[in-house]
Amino acid sequence: MGLRTFLLMIALAILASPQARAVEEEQEQAARWASIQQSVFGARKVEDGSAWLSLEAPLRALDAALVPISIESKKTAGLKGLYLIIDENPAPLAGHFSFGPEADPSLLKLRVRVDAYTYIHAVAETTDGHLYAVERFVKAAGGCSAPAGADEQQALADLGHIKLRVTDGFSPHTALKAQLMIRHPNFNGMQMNQVTRLYTPARFIKSIDVSFDDTAVLHVDSDISMSTDPVLDFGFVPPHKGVLKVVVRDTSEATFTQSIGVPAAG
């Protein structure tokens, strides 16, 4: 073998190796998603959901512990709920959102932690049992172990403070947007106290219930991927004036509530 041929072979090997790694990564990601589907949905088929949903997330997150997610439902009739899955997180199922009779499921916004470069999947579930998924790749790392603030004691002192507001003007039978803000550190057991060097015990929000005059709007089953001090934007359709109420429960069985009139007094 001549020197020129040898050098050419080395050059081709160098050029081919990134492509080979990319193919290998794609195969690993596909296998990971298939495993998650089996774990969450069993044998149920997950179909392409581009006609049902759009998922917005930054390609490269500014803060891996506060990654903004927006899920738009293009079809709302027959939409039972949504799953948010962060493939490479330690607990991939970040949230399950179930819509009640007074819900407007057209838009959900929230913030999550992302532990490694990953695909994020939003999966729509319809009342007839079908599942439709869309995906978005996000470059972020370390969000699950990032400290939940500079002062743990202060975070716990403010625990459970809720702000709830309606961002649109009231009109009966018209979809309104609301925003829920919760003071909660959402300790997931992976954060290290920078003073003691010990891991902070897990304590995070496990469920959120929103209702309008005692009729269900939204139920959320959450896990360790929700960000510190969660902010959740959602929609609802009030048939008349009434009271919007939220009940939040965490893994320590603490319950926090807040209610507001719709429309607001004054």
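Sequential numbering from 1 along the given sequence is applied to the chain's residues. Just so it is clear, the structure is predicted and the values come from calculations on it, not from any experiment.
To the nearest 0.5 angstrom, L164 atom CG is 4.0 Å from I260 atom CD1. The OH atom of Y83 sits 13.0 Å away from the CD1 atom of I71 when rounded to the nearest 0.5 Å. Atom CG of L55 sits about 9.0 Å away from atom CD of E135, to the nearest 0.5 Å. A distance of 9.5 Å separates CD of E125 from CG of D128, quoted to the nearest 0.5 Å.
Judged purely by atom type and a 3.5 angstrom limit, D223 has no side-chain atom pairing as donor or acceptor with the backbone of S225. Distance alone, capped at 3.5 Å, is enough to place a donor-acceptor pair between the R113 side chain and the I224 backbone. Judged purely by atom type and a 3.5 angstrom limit, N188 has no side-chain atom pairing as donor or acceptor with the backbone of F204. Between the side chain of D233 and the backbone N or O of L107, no donor-acceptor pair lies under 3.5 Å. Side-chain N or O atoms of T200 include none that pairs as donor or acceptor with a backbone N or O of F187 at under 3.5 Å. Remark: the backbone N or O of R183 is not paired with any side-chain donor or acceptor of D229 at under 3.5 angstrom. Side chain of R203 to main chain of H184: no donor-acceptor pair is present (N/O by atom type, distance under 3.5 Å, no hydrogens or angles). R44 contributes no side-chain N or O that, together with a main-chain N or O of L131, makes up a donor-acceptor pair within less than 3.5 Å. Judged by distance alone, with hydrogens and angles left aside, the side-chain atoms of N89 form a donor-acceptor pair with the main-chain N or O of D115 at under 3.5 Å. Judged purely by atom type and a 3.5 angstrom limit, E102 has no side-chain atom pairing as donor or acceptor with the backbone of T215.
Ring geometry for Y132 against W52 counts as parallel: the plane angle stays under 30°, on a 0 to 90° scale with 60° as the upper cut. Between F212 and H240, the angle of the ring planes lies from 30° to 60°, which puts this pair in the tilted group.
Salt bridge K245/D214: absent, no basic N to carboxylate O contact under 4.0 Å.
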Practice task
Could you please spell out the steps behind the side-chain contact (heavy atoms from CB on, under 4.5 Å) verdict for L53 and S73?
Solution key: CA-CA 5 Å; L53 300 173; S73 298; 3.6 Å; yes

Exercise for the section: May I have the step-by-step check of salt bridge (charged side-chain N to carboxylate O under 4.0 Å, His left out) for K177 and D104, ending in yes or no? Expected result: CA-CA 8 Å; K177 294 293 185 291; D104 169 29; 3.4 Å; yes

